[in-house]
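One structure is given below, encoded as C-alpha cells.
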Protein chains: 2
Amino acid sequence: MSQFATIIDVAGRAGVSPSTVSRAFNHPRLLRPETVQRIHDIAQELGYIPNRHAKALSTGRTGAIGIVVPDITNPFFPPIIRQAQRVSEAMSYGVLVAESDNDPEREARQIEQLVPQVDGLILASPRQADEALVRTASSTRCVFLNRDVQGTARVLLSSGSALHTALGDLSAEGVVRVCYVGGPHRSWSNGERQEVVVQRGHELGMEVSLLQTTNGTYGEARDLAVNVVRAGAQAVIAFDDVVAHGILDGILASGARVPGEIRVLGCDDALPIQTHPRLSTIDMHGPLGVDRAMHMLLEAPGYPVPEERVVLQGQLQYRETT
Amino acid sequence: MSQFATIIDVAGRAGVSPSTVSRAFNHPRLLRPETVQRIHDIAQELGYIPNRHAKALSTGRTGAIGIVVPDITNPFFPPIIRQAQRVSEAMSYGVLVAESDNDPEREARQIEQLVPQVDGLILASPRQADEALVRTASSTRCVFLNRDVQGTARVLLSSGSALHTALGDLSAEGVVRVCYVGGPHRSWSNGERQEVVVQRGHELGMEVSLLQTTNGTYGEARDLAVNVVRAGAQAVIAFDDVVAHGILDGILASGARVPGEIRVLGCDDALPIQTHPRLSTIDMHGPLGVDRAMHMLLEAPGYPVPEERVVLQGQLQYRETT
DNA sequence: CCTTGACATGCAAACGCTTGCATGCCAGCG
DNA sequence: CGCTGGCATGCAAGCGTTTGCATGTCAAGG
C-alpha cells in the first residue's frame with residue numbers, strides 16, 4: 001500500500017537507465033558483472049521488489065499458476081495444495097487456489113476467472129463433464145489430476161492395483177460378499193474404484209453390492225452403514241477414509257465386530273489422526289501426483305501442454321480393520 | 001494463453017473510445033444506459049475479460065487479498081480459507097494462499113512475497129514475534145486472526161469462556177488433577193488456553209500439570225499419553241482435536257478408561273470425522289472469525305486498517321469423552 | 001437567438017516493466 | 001591508422017487499463 005521503489009528509482013540511484021536495471025535482474029549475462037552487482041546492492045538497499053503486474057502486462061506471463069479443487073476441507077486436498085505451492089515457490093511462481101464446492105458450474109466459473117490471471121492450471125478431481133474439460137484444455141495450459149481426459153496432459157492416482165490385490169486377499173480369507181460405498185459420482189476416482197471392485201470381485205466369484213453417498217460426508221456414510229450390515233457384507237470398500245470412518249462407526253454402533261465380522265478398507269490415507277480400530281487404507285501419493293503435474297505444466301513451455309498420461313499406483317496400508 | 005479480447009477490440013466494434021468501454025464497466029452511471037447495454041452485449045459476445053494486471057497497474061489496487069496460514073493440513077484452516085474465498089468472491093477479489101509451515105522466517109518471506117501483489121492480508125495464527133508483526137502491520141493493510149497484536153486490527157477466537165465453564169464442570173464432578181497438553185508454542189491460542197487452564201484450575205483448587213508437543217501432531221501426542229496416565233491426571237485438556245485424539249489413543253492403549261477414569265477435551269471441532277468415543281471439544285467458529293476479519297479488511301478503505309479488537313468465544317461441545 | 005450548464009464521450013498521459021533497435025566504445029586486425 | 005565487430009548500455013515503444021481534462025451537443029432559460 002505504501003510506495004514501493006520502482007525500477008526507475010533504482011536506475012536513478014545507480015546512474016544507469018531503467019532498462020539496465022531490468023536486465024540486471026532478468027538477463028544479467030548481458031551486463032558487466034560489476035554493474036549487475038551494484039544494481040543488486042542498490043535494489044536491496046532500497047527494498048525494491050519488482051511489480052508483478054507491470055511485469056505481467058509487459059511480458060504476457062503472469063508468474064502464477066492456479067489450482068482448483070472440489071473441496072478444500074477434504075483432507076485429501078490440502079497436502080496436494082501444499083505440494084503445488086512448494087513446487088511453485090521453487091520456480092518462483094505464485095499460486096491461486098480456487099474451490100468448486102463439487103459444483104460443475106461453479107467450477108466452470110472459477111476456471112474462467114482464473115484463466116486470464118495464470119500461466120497454467122492444475123485441475124484436481126474436476127467435476128465438469130469431459131466435453132467442457134476438453135474445451136478448457138484446448139484454450140488454456142492445464143493439466144488434470146485424477147481425470148482421464150483424452151488428448152490432454154493428466155496424472156492419474158490409481159487405486160486399481162492396490163484394490164486388485166486387496167480383493168484377492170479378502171477372497172483368500174474367505175470373504176464372499178463385498179460392498180463398495182461410493183463418493184461423489186462425478187469423481188473419476190470413484191468411477192475407477194467402483195469399476196475395479198465390481199470387475200475384480202466378479203472375477204473372484206464374489207457377490208458385490210453398491211451403495212452411494214451423495215457428498216461423501218461422514219454423517220451420510222454412517223447412516224448408510226445399516227444397509228451394509230443388513231446386506232450381510234463381509235467387507236466394505238469405501239470411496240475414501242472419511243466415508244470409511246462413517247461406515248465403520250455405523251457398523252460398530254450396530255454391534256457388528258470389525259474386522260471380525262466385517263472388514264473395512266478406506267482410501268487416501270490423508271487423515272491427520274488415527275482411530276480405533278486403525279483404518280486400513282490405500283496411500284494415494286497425492287503430493288507425488290501434483291509434483292508430476294506441476295512439472296508437466298511448467299517445464300514444457302509450449303502451448304498447449306503436450307499430451308501425456310501418467311498413472312501412479314496407490315499403495316495398500318493394512319492396519320486393523322482388515 | 002490465446003489472445004484475449006481487449007478493451008480496444010470492444011471499443012472498435014462498438015464504435016466508441018476505449019475510455020467509454022472502461023466506464024461502461026466501472027462507472028456505468030456516467031454513460032447513457034443504452035450505450036452501456038450495447039457495450040456489455042458486445043463485450044459478452046467477444047468474450048472480453050478485463051485484464052487484471054493492466055487494471056492493477058493502472059489503479060494501484062490488485063483486486064486480490066492474501067491469506068497466510070501456518071499449516072494447511074491442520075483441519076482448522078481449510079474451512080477458514082474457504083470462508084475467506086467466499087467473502088472475496090462476493091466482493092470480486094481473488095485470494096492468494098500461502099503456508100508458512102510453522103516457520104517464522106518462512107512466514108516472513110511469504111508475507112514479503114505477498115505484500116506487493118495484494119490489497120490486504122489476513123494473517124492467521126502467525127508464528128513470528130510480535131515485533132515483526134507490528135512492523136508488517138504498519139506497512140501493509142492487514143488483519144490478524146488469532147494473534148493479539150496491540151494497535152492493529154485483529155479477531156481472536158477465544159476458548160477462554162468455554163474452558164472456564166468446562167473446568168468448572170470438571171471440578172463439580174470431582175476432578176482434582178488436570179493436565180494441559182499444548183500445541184505449537186508460538187501460537188497465541190496455545191498461550192491463551194494454557195493460561196486459562198492454569199488460572200482457572202488454581203482458582204478451583206485443582207492440581208494442573210503441563211505437557212507440550214512440539215508440532216501438535218497425532219503421533220507426538222500419543223507418545224505423550226503415558227505421561228498423563230502416570231501423572232494420575234483425571235482430565236486432560238488438549239490444544240486441539242488432533243492432539244486430543246493422540247492423547248485419547250495413548251490413554252486407551254494404556255488400558256485406562258475414557259471418560260471413566262480420564263476425561264479428554266479437545267478444541268476446534270474441525271475434523272471431518274467422528275471417533276469412538278466421540279471427542280468432546282470446543283467449536284471455535286473459525287469461519288465466523290475470518291468473516292469478520294475479511295470485512296474489517298475490505299470495508300475500511302483507508303490505510304492502515306483501523307485498530308479493532310474483536311473477540312469471539314468458542315462454544316463447548318460435550319460429547320462422549322467428558 | 002444567444003448563453004449556460006448538464007451531460008455524454010473522446011483524448012492522452014500514466015501505471016512499472018520488457019525488449020528490439022540504436023549507439024558509443026574499444027580491441028584487434030590488415 | 002582506419003575498419004570491423006563485439007560488448008555494454010541507452011532509447012523509446014508497447015503491454016491494457018483508468019481517469020483528469022477537454023470537447024461537443026442539446027435543452028432550458030433569459
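Lettering follows sequence order; numbering is per chain, from 1. Just so it is clear, the structure is predicted and the values come from calculations on it, not from any experiment. The figures that follow rest on heavy atoms only: side chains count, while hydrogens, waters and symmetry mates do not.
At D/dG10, one or more side-chain N or O atoms of A/T20 fall inside 4.0 Å of OP1 or OP2 (strictly under the cut-off). For the pair B/S22 and D/dT18, the criterion of a side-chain N or O lying under 4.0 Å from OP1 or OP2 is met. Between C/dG16 and A/T6, no contact under 4.0 Å exists linking OP1 or OP2 to a side-chain N or O. When the side-chain nitrogen and oxygen atoms of B/R32 are compared with OP1 and OP2 of C/dC7, none of them lie within a distance under 4.0 Å. At the phosphate of D/dT18, OP1 or OP2 sits under 4.0 Å from a side-chain N or O atom of B/K55. At C/dT19, one or more side-chain N or O atoms of A/H27 fall inside 4.0 Å of OP1 or OP2 (strictly under the cut-off). Phosphate contact (OP1/OP2 of D/dT18, side-chain N/O of B/N26, threshold under 4.0 Å): present.
The side chain of A/S58 sits closest to C/dT18 out of D/dT17, D/dG10, C/dT18. The side chain of B/R23 approaches C/dT9 more closely than any other nucleotide in the set C/dT9, C/dT18, C/dG16. Between D/dG16, D/dT19, C/dT18, one nucleotide has an atom nearer to the side chain of B/L57 than all others, and that is D/dG16. The nucleotide whose nearest atom lies closest to any side-chain atom of B/T35 is, among D/dT18, C/dT9, D/dG10, C/dT9.
With rounding to whole Å, A/H53 atom NE2 is found 12 Å from C/dC17 atom P. Atoms CG (B/N51) and P (D/dC15) sit 12 Å apart, rounded to a whole Å. Look at CZ on A/F4: it is 16 Å from C1' on C/dC17, rounded to the nearest Å. D/dC11 atom P lies 14 Å from atom CD1 of A/I7, rounded to whole Å. Between A/R29 atom CZ and D/dC7 atom P there is a gap of 12 Å when expressed in whole angstrom units. With rounding to whole Å, B/Q117 atom CD is found 16 Å from C/dG16 atom P. Atoms CG (A/D9) and P (C/dC15) sit 11 Å apart, rounded to a whole Å. In this structure, A/L30 places its CG atom 14 Å from C1' of C/dC21, rounding to the nearest Å.
Residue-level contact check: A/Y48 touches the backbone only, with heavy atoms under 4.0 Å from sugar-phosphate atoms and none from bases. Looking at heavy-atom distances under 4.0 Å, A/V21 makes no contact with the nucleic acid at all. A/T59 comes within contact range of the sugar-phosphate backbone alone, with a heavy-atom separation under 4.0 Å but no base atom that close.
Salt-bridge formation is detected for the pair A/R154/A/D148: a Lys NZ or Arg NE/NH1/NH2 atom is positioned less than 4.0 Å from an Asp or Glu carboxylate oxygen. Using a cutoff of 4.0 Å between basic side-chain nitrogens and carboxylate oxygens, A/E107 and A/R186 are not scored as salt-bridged.
Mapped onto DNA chain C by nearest heavy atom, B/P33 and A/I49 fall at different nucleotides, with B/P33 at the one closer to the 5' end.
Within the 4.5 Å cutoff, the side chain of A/Q113 has heavy atoms near those of the B/R52 side chain. Taking 4.5 Å as the limit, some side-chain heavy atom of A/N26 sits within range of a side-chain heavy atom of A/K55. No side-chain heavy atom of A/M284 sits under 4.5 Å from any side-chain heavy atom of A/N146.
A donor and an acceptor atom sit less than 3.5 Å apart, one in the side chain of A/S19 and one in the base of D/dC11.
Listed for the B/D9 side chain is a donor-acceptor partner under 3.5 Å among the backbone atoms of B/T6.
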